[in-house]
Amino acid sequence: MATALQQLMQQHLLLKLEYNTEKAAYQQQTEAIGIRRKVKRGDAWANVRVGKSFYNSLNQMCVEIFRTEDQDIEHNFEFGRPVAFFRTVSSKDAKDKLEVKFMNVTGTVNFVDGDRMVISLPKDDYARELQNIEPSNGAAHEEASALFVALSFDETSYRLMFDALERVMHARGNRLAYLRDLFYSHQHQPAEHFKFQPMQFPWLNKTQEKAVNEVLWTKDVMVVHGPPGTGKTTTLVEAINETLRRESQVLVCAQSNMAVDWISEQLVDRGIPVLRVGNPTRVNDKMLSFTYERRFESHPEYPQLWSLRKAIREMRSKRKRGSESYHQQLDRLKSRATELEVRINAELFQEARVIACTLTGAANRVLDGMKFTTLFIDEAAQALEAACWIPIRKVSRVIFAGDHQQLPPTVKSIAALKAGLGKTLMERIVENKPEIVTLLQVQYRMNDKIMQFSSREFYGGKLQTAPEIKYRGILDYDNPMSWYNTDDLPEEIESKEEFVGESFGRINKAEAELTLQHLELYYGRIGKQRILDERIYVGIISPYRAQVQLLRRMIKKREFFKPYRHLISVNTVDGFQGQERDVIILSLVRSNDEGQIGFLRDLRRMNVAITRARMKLIILGSVDTLTKHPFYKRLYEYIQEQQSST
């Protein structure tokens, strides 16, 4: 068995491989041929309009950017992600071709709300450069064409992860070294616990109550394993609340901004003071009110700090540096501004009981030097190991919460994935220390028949359904699971997958049409008035982004769905993580003679897709193609058994 240092060195090598793969892919995608693909994938905005520029509360120059095209495409811009600006110009070699011309302007997403984005810029001059650009008038190949903003390669996140791994490897004789050796050891080094009487929480079920007590007893590390619908967030909020009766402050992290927002919102609803470091993705007044920037701006001493910063900028712009008084006056202003900033920061952090941020956000300069007793990592099964070590350096004990049978971390290098980069720190601890894992076993989301298949396949049959939702359904005598075989279509309608673009994805037009037909039929059985009155929500899921975009276009064009569009959401499996709908329709796309199913072999994704449904799950797919894989064969047979027993 490899030592902790050897395994960490391997993680470092695999992360380097992933870094090189992602960087090379980004450089390839910046060719002119990839621009429209980047826009369609939500990684770029085309022909953007530049709005006003201003200084934010952190004294950063910011500029507003507005999306003017492709506003129906869901984008991937979020707080903290780096961006680059570029234009397209006519090629010198061939006038009918476009070339990408990158500008010397980069920035970081500071805020996103729909089609408006605020980008912080490292240099004040960048704002003027962007504002001097005239928007494109739509000409296809003008010399100075549209202005684009695109997600850039994220050097910062990789730098933070490399730094975290190196610090963990070099740790000696401290708490970080102890946790490192503990996490990588097997049974011979058990995790330590406190010993006191268990507390009772009558509003929780028995497995949730056990999990909260395990958190309170933990000295080193503990895992809350929360399968779909088992109330992981409820349990975590209760555990955080009880921990705060013993500690003055805790650190709460998650891989994504959305996951941080969700847990933060639940904590705020419990009346717990939260300071959200980094801007939220769910943009509303409730969320913004507990962000670091908004709290900083609303501090009574902030106007004075703003005035000092403005005076410093004005002095620098005049640049009267000949006199000695200039430097003395500038130093006095800077000293006073720093003193005020430190005081405001100290007050904000003293008031907060929970500091919430992403894993990489834990390296934010406002958290420099801070230490915490307890770290809670939510959705830990979606985070790369290196990212988890960033906040672990600041704490004495760690509580992981998540489900390693759902979506794994995103790894783009196939070689790194096969060598183990996709194995998370939570998974490693579950393997090495099974005794510190608590499984939540009662689920409150799905009809029991939907839950039973997932429980059997992924959770050893240990899950139970809460009695009040065991038989939940929309229609009487309706089977909660259906599989419509696309192989049974008439001969003149062939349901076959098609490849779209060089690396964009796959679509199945006949299956997409059939998907909407089945939704129409099901809506007809329920009745329009009931759907609208009871707000019956439908989620249409496809593993392939191209199929998702095809389905969105079809729904938009079809008059039948106009009254229901606000109740229908269409997205990939990843896009539905953490969500649920009354009805889920799953379009599996793959249909070929060879039985090739690509990344549908990642069964954890299918677990996520299936378990989004509260009352009805409708699957569309080629039985001949999919059931060549044993998992889909078992799923198909399970559904057939349910239908025959109804």
Side-chain angles (χ1 to χ4, degrees), residues 160-161 163-165 167-168 171 174-184 191-194 211-212 214-226 232-233 235-257 259-264 266-267 272-278 349 352-364 366-402 424-430 433 436-438:
L160 293 173
M161 288 192 285
D163 179 60
L165 285 176
R167 288 184 183 227
V168 174
N174 57 14
R175 188 65 183 171
L176 182 60
Y178 172 82
L179 291 176
R180 173 198 66 205
D181 296 339
L182 178 70
F183 293 174
Y184 280 90
E192 294 186 9
H193 290 81
F194 297 106
V212 174
E214 290 287 354
V215 168
L216 299 177
W217 291 331
T218 295
K219 271 188 184 179
D220 299 327
V221 61
M222 186 255 174
V223 175
V224 179
H225 183 186
K232 172 177 65 67
T233 303
T235 307
L236 206 55
V237 167
E238 198 62 53
I240 292 168
N241 189 53
E242 285 302 316
T243 300
L244 287 171
R245 295 178 187 274
R246 297 155 175 79
E247 299 170 22
S248 60
Q249 198 172 64
V250 299
L251 180 62
V252 176
C253 295
Q255 170 66 18
S256 68
N257 276 294
V260 179
D261 292 347
W262 176 244
I263 188 75
S264 298
Q266 306 309 304
L267 290 165
I272 299 170
V274 174
L275 187 62
R276 171 74 162 91
V277 176
F349 281 99
R353 302 295 310 279
V354 171
I355 308 301
C357 60
T358 60
L359 295 166
T360 53
N364 193 302
V366 300
L367 296 177
D368 282 352
M370 292 189 68
K371 294 290 183 183
F372 304 85
T373 300
T374 306
L375 164 66
F376 290 87
I377 302 181
D378 195 13
E379 301 295 358
Q382 283 185 266
L384 288 174
E385 177 172 340
C388 289
W389 285 113
I390 297 170
I392 290 174
R393 293 178 301 172
K394 295 178 176 290
V395 303
S396 297
R397 66 182 195 133
V398 190
I399 312 300
F400 293 90
T424 64
L425 190 55
M426 176 176 155
E427 278 183 276
R428 192 182 299 283
I429 293 166
V430 168
K433 300 277 185 292
I436 56 97
V437 180
T438 297

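Residue numbers start at 1 and run along the sequence shown.
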## Note on the structure
Hits for ring-ring contact (aromatic ring centres under 6.0 Å, His included) against Phe400, two or more places apart or cross-chain, chain-then-number order -> none
### Task
Could you pull out the closest heavy-atom pair between Ala164 and Ala386, with the gap in Å?
CB-O, 3.9 Å
### Query
Side chains of Val354 and Leu275: does their closest heavy-atom pair fall under 4.5 Å?
no
### Message
Quick one, Arg167 and Trp389 - any side-chain contact, counting heavy atoms below 4.5 Å?
### Response
no
### Task
Applying side-chain hydrogen bond (donor to acceptor under 3.5 Å, both in side chains), name anything that partners Gln255, two or more places apart in sequence or on another chain.
none
## Note on the structure
Arg246 meets the side-chain hydrogen bond (donor to acceptor under 3.5 Å, both in side chains) criterion, sequence neighbours left out, with none
### Query
How long is the gap from CD on Glu379 to OG1 on Thr233, to the nearest 0.5 Å?
7.0 Å
### Message
For the CD1 atom of Ile263 and the SG atom of Cys253, what is their distance to the nearest 0.5 Å?
### Response
11.5 Å
### Audit row: Leu425, Val398, side chain to side chain contact (heavy atoms under 4.5 Å, CB included) steps and yes/no
CA-CA 11 Å; Leu425 190 55; Val398 190; over 6 Å; no
### Task
Apply the test side chain to side chain contact (heavy atoms under 4.5 Å, CB included) to residues Ile392 and Phe183: give CA-CA distance (whole Å), side-chain angles for both, the deciding distance (0.1 Å), then the verdict.
CA-CA 12 Å; Ile392 290 174; Phe183 293 174; 4.2 Å; yes
### Message
Between Arg393 and Asn174, is there a side-chain donor-acceptor contact under 3.5 Å, judged purely by atom types and distance?
### Response
no
### Task
Please check if the side chain of Lys433 supplies one atom and the backbone of Leu182 the other of a donor-acceptor pair under 3.5 Å.
yes
#### Entry: Residues in side-chain hydrogen bond (donor to acceptor under 3.5 Å, both in side chains) contact with Gln249, at least two apart in sequence or another chain
none
### Task
Could you list the residues that satisfy side-chain hydrogen bond (donor to acceptor under 3.5 Å, both in side chains) with Glu247, not counting sequence neighbours?
Thr374
### Task
Report yes if some heavy atom in the side chain of Leu251 is under 4.5 Å from a heavy atom in the side chain of Ile355; otherwise report no.
yes
### Query
Distance from Thr360 atom OG1 to Asn257 atom CG, nearest 0.5 Å?
8.0 Å
### Query
Got a donor-acceptor contact below 3.5 angstrom from the Arg276 side chain to the Ser264 backbone?
no
### Query
Does Arg397 use its side chain to pair, donor to acceptor, with the backbone of Met222 at less than 3.5 Å?
no
### Query
Are any non-hydrogen side-chain atoms of Glu385 and Glu427 less than 4.5 angstrom apart?
no
### Message
Within the structure provided, determine whether Val250 and Arg353 are in side-chain contact (heavy-atom separation under 4.5 Å).
### Response
no
### Sub-4.5 Å side-chain heavy-atom contact between Val215 and Glu242
no
### Non-neighbouring partners of Arg175 that pass side chain to side chain contact (heavy atoms under 4.5 Å, CB included), sequence neighbours left out
Tyr178, Leu179, Asp220, Ser396
